[in-house]
Participant: 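Attaching a single structure in structure tokens format; questions to follow.
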Number of protein chains: 2
Amino acid sequence: MASTPPAAPSELQMIQRTHAVLELVAGRWSVDVVYLLAGGTRRYSEILYEVGEISKKTLTQTLRTLEAHGIVTRHAYPEVPVRVEYSLSPLGWSLTRLLMDIFEWSSELDQDRARARRPGLALAA
Amino acid sequence: MASTPPAAPSELQMIQRTHAVLELVAGRWSVDVVYLLAGGTRRYSEILYEVGEISKKTLTQTLRTLEAHGIVTRHAYPEVPVRVEYSLSPLGWSLTRLLMDIFEWSSELDQDRARARRPGLALAA
DNA sequence: CAGAATCCACGGCGATACTG
DNA sequence: CAGTATCGCCGTGGATTCTG
């Protein structure tokens, strides 16, 4: 029914959408936060501490970005000292799988690096 | 034979290596260059023109980084006006597949965005 | 406790001019 | 042609201070 078949996206599209994902994930701390939340729901202060070096400002901003893109879910409890919990959304979990792919590919990067260090073994029969 | 079994890499390792890949690819122009070279070998000036907005300085730097990591191969021909060609290495081609994975995942991101725009249809039976 | 607001340092990238 | 060198802008992120 539709006109143009979805086959073969233009390179421009691929570049743009690839960038969209990378920008989402390339923030210095996005990956750390997602991996941490993959271990379960955390409070703001817990993330702040467990991630390590991150500043409050950047953590807040990172969380807001991830939330805006539907990666994490924010839940605020109106208690006396406020409590805010963050957890991965379904989309966040699917992102987790992508991160695994990226992690797995890193081994190819390492292999290549190792190969580069001893040129003699490159084509060993 | 080896001592520690490779199972279950530490989260720290995963974060570090994931970052290593992302830093490689997160440069504003890395993806564009790799996608372009996936279309075949190009000369420096061709890349400069075809990629679009990039400056010479940044292009050179991007190419050097990719070359240093074994993603692209540089070949200089000592002719009168110098000619330098860049192409994807085997590792570069394997990176291409990873970029495809990322691109494909972007559709999930879009679906989620669409879902977010009309909350009513979320759980439609 | 969970931010928001402000100030500042740093690095990435573009623009331009110059060179082998 | 394929860079290098220099300058300057701008965005990202840290440190600190303040608040509901």
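Bear in mind the structure is a predicted one, so any value in this text is a computation, not a measurement. Throughout, a chain's letter reflects where its sequence line sits, starting with A, and its residues are numbered from 1. Below, all heavy atoms of this structure are taken into account, side chains as well, without hydrogens, waters or symmetry copies.
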Participant: Below 4.0 angstrom from OP1 or OP2 of C:dC13, is there any side-chain N or O of B:Q61?
Facilitator: yes
Participant: Please determine, for the side chain of A:T58, which listed nucleotide (C:dC1, D:dG14, D:dG3) has the closest atom?
Facilitator: D:dG14
Participant: Whole-Å distance between C:dC1 P and A:L63 CG?
Facilitator: 17 Å
Participant: Are A:M100 and A:V21 connected in a single hydrophobic cluster, I mean Ile/Leu/Val/Met/Phe/Trp/Tyr linked by side-chain heavy atoms less than 4.5 Å apart?
Facilitator: yes
Participant: For A:R83 and C:dG3, what is the distance between atoms CZ and P respectively, to the nearest whole Å?
Facilitator: 13 Å
Participant: Tell me whether the count of non-hydrogen atoms from other residues, nucleotides or ligands lying under 6.0 Å of CD in A:E53 goes above 12.
Facilitator: no
Participant: Where each residue is assigned the nucleotide of DNA chain D containing its nearest heavy atom, which of A:R28 and B:V84 is assigned the position nearer the 5′ end?
Facilitator: B:V84
Participant: Among the nucleotides C:dG14, D:dG14, C:dA17, which one has an atom lying closest to any side-chain atom of A:I54?
Facilitator: D:dG14
Participant: Report yes if a side-chain nitrogen or oxygen of B:R74 is closer than 4.0 Å to either non-bridging phosphate oxygen (OP1 or OP2) of D:dG3; otherwise report no.
Facilitator: yes
Participant: Is the side chain of A:T60 donor-acceptor paired with the backbone N or O of A:K56 at a distance under 3.5 Å, no angle test?
Facilitator: yes
Participant: Applying the side-chain contact (heavy atoms from CB on, under 4.5 Å) criterion to B:L66, which one of B:T73, B:V33, B:L88 satisfies it?
Facilitator: B:V33
Participant: Separation of A:L48 atom CG from D:dG13 atom C1', in whole Å?
Facilitator: 14 Å
Participant: Starting at atom CZ of B:R42, determine the distance to atom P of D:dA2, rounded to an integer number of angstrom.
Facilitator: 14 Å
Participant: Spell out, yes or no, whether B:Y49 and B:V51 are grouped together once hydrophobic residues are joined by side-chain heavy atoms under 4.5 Å, including indirect joins.
Facilitator: no
Participant: Check every atom of D:dC1, C:dA15, D:dA15 against the side chain of B:P81 and return the nucleotide holding the closest atom.
Facilitator: D:dC1
Participant: Taking only side-chain N and O atoms of A:R64, does any of them lie within less than 4.0 angstrom of OP1 or OP2 on C:dG3?
Facilitator: yes
Participant: Regarding B:E53, tell me which of base, sugar-phosphate or nothing describes its non-hydrogen contacts under 4.0 Å with the strands shown.
Facilitator: sugar-phosphate
Participant: Kindly point out which of C:dC7, C:dG3, D:dT6 is positioned nearest to the side chain of A:T60?
Facilitator: C:dG3
Participant: Below the 4.0 Å mark, does D:dA2 have OP1 or OP2 next to a side-chain nitrogen or oxygen of B:R43?
Facilitator: yes
Participant: Map B:A26 and A:Y44 onto DNA chain C by nearest heavy atom, then report which one ends up closer to the 5' terminus.
Facilitator: A:Y44
Participant: Using a cut-off of strictly less than 4.0 Å, decide whether B:S45 has a side-chain nitrogen or oxygen near OP1 or OP2 of D:dA2.
Facilitator: yes
Participant: Report yes if at least one side-chain N or O of A:Y86 is closer than 4.0 Å to OP1 or OP2 of C:dG3; otherwise report no.
Facilitator: yes
Participant: Should A:W93 and A:I102 be regarded as members of a common hydrophobic cluster, given that ILVMFWY residues are connected when their side-chain heavy atoms come within less than 4.5 Å of each other, either directly or indirectly?
Facilitator: yes
Participant: Check the distance between C:dG20's P and B:K56's NZ and give it to me in whole angstrom.
Facilitator: 14 Å
Participant: How close or far is atom P of D:dC1 from atom CD of B:E85, stated in whole angstroms?
Facilitator: 14 Å
Participant: Without decimals, in angstroms, what is the distance between A:E79 CD and D:dG20 C1'?
Facilitator: 15 Å
Participant: Just the rounded figure in Å: distance from P of C:dA2 to CG of A:L59.
Facilitator: 10 Å
Participant: Of the listed nucleotides (D:dA15, D:dC1, C:dA2), which one gets closest to any side-chain atom of B:V82?
Facilitator: D:dC1
